[in-house]
Amino acid sequence: MKSNKFEPNDGKVLFFIGQDLEAVGGFENYNAGYVDTFNIPAGITAYTNLSPGDYSFSYYIKGLDGTKTKANWGAGDTCLQFYVDNPKFKNTMLSIGLSMVNHDKNVAKGKHDNLIKELGLWIKSTKRSVFLRIGYEFDGWDWNNYKKKYYLKAFKRIHHILKEMEVNNVAFVWQSKGTGSNQKVLEDWYPGDEYVDWCGYSYFNNPDTEMLTFARKNNKPVFIAEACPVLKDEFGNFHANLSNQKEAKLVWEKWFIPFFKTIEDNKDVIKAFSYINVEWKSQIMWATNDYFKNVDSRIQKSEYISKKWLEEIQKEKYLKNQ
């Protein structure tokens, strides 16, 4: 039986696509993405932040970038409002990765309350279901640098403000990086049952089962909030290029089949997933990143993957755009 916000019935899985305008498609100027080849899924994944005053690849961050207006901080053009305004996406859920990098202390101490309230008003205005992934990949200490004390206070503060504003169309998602954090770490970083609607994790090269175990213990549904193939070769190099037809077949066997098996084997808790349909290697943020610089996860670039993908995703259990 479902018991948490926006949780589908047992045996059903919400399917999202992300994570920038070019990757998703469906617009006049972004017309070679996922939805230009396949049907619109149940949801769209995009990102924003509570990190005003910082820079990302020469882009000056103002806070809530990519929410109401278009932004690009090195990982493709993004704008959540575009989906809200486009009739094609009128029934589409939104999954928002809310970054607090370098600002978890400021958020915890109330210095960004104005931005949180602005975000709350915007979420309300969308009149659709929104999954808010506060400080996603909280345990990605090498790149997010969150401090436990401030992260927990920040998560609870955002939750409190949005609840006080009666933003009722939001589910709060607590997302791990998906590998390397044991039950003790997860317990130490958990905001608490009253603050978390969904547990989440990222599924790339080395997904583990720790978050699945934790979610079962706490009776929470799981959102695989970020997922795309990344393989590791015999020399230790990461890759997954779906534009290469020979490599695409290997990726289907080594990544997609285990991924869908994970969803099926854990259908009691995995109730949503978001696939990242991106040419990572073309984006400045990832062009020199050892993990993603040889990755092109665009499904539509492989006829073989597209056929196999459709065979799977057309199954009744995957909930699409209504």
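If you're wondering where the values come from, they're calculated on a predicted model, not measured in any experiment. Every heavy atom of this structure was used, including side-chain atoms; hydrogens, water molecules and symmetry mates were not.
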Non-hydrogen side-chain atoms of [X] and [Y] separated by less than 4.5 Å:
| X | Y | value |
| --- | --- | --- |
| V35 | F89 | yes |
| E210 | S176 | no |
| K293 | W280 | no |
| L98 | I158 | yes |
| Y59 | K62 | yes |
| E118 | L121 | no |
| I276 | E226 | yes |
| K12 | E316 | yes |

Connected via hydrophobic side-chain network under 4.5 Å: I116 and V196: yes
Side-chain donor/acceptor of Q300 to backbone N/O of A32, under 3.5 Å: yes
Under 3.5 Å: donor-acceptor pair, side chain of D139, backbone of S181: no
Candidate pair N294 and N241, rule side chain to side chain donor-acceptor pair (under 3.5 Å), full reasoning: CA-CA 7 Å; N294 295 313; N241 183 4; over 6 Å; no
Geometric class of the W309/F273 ring pair [parallel <30°, tilted 30-60°, perpendicular >60°]: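 Perpendicular, since the angle between the ring planes exceeds 60°.
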N91 and R128 side chains, donor-acceptor separation under 3.5 Å: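 Their side chains do not contain a donor-acceptor pair, so the 3.5 Å distance test is not met.
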Under 3.5 Å side-chain donor-acceptor pair for Q183 and K217: yes
Sequence neighbours excluded, every pair satisfying side chain to side chain donor-acceptor pair (under 3.5 Å) that has a member inside residues 191-201: Y190-D193
Minimal non-hydrogen separation, P221 against K271, with atom names: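 That would be CB-CG, 3.9 Å.
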Nearest non-hydrogen partners of F214 and N218, listed with the distance: O-ND2, 2.9 Å
For F256, all residues meeting ring pair (Phe, Tyr, Trp, His ring centres under 6.0 Å), sequence neighbours excluded: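 Result, ring pair (Phe, Tyr, Trp, His ring centres under 6.0 Å) vs F256: W252, Y275.
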Test ring pair (Phe, Tyr, Trp, His ring centres under 6.0 Å) applied to Y203 - qualifying residues, sequence neighbours left out: W255, F259
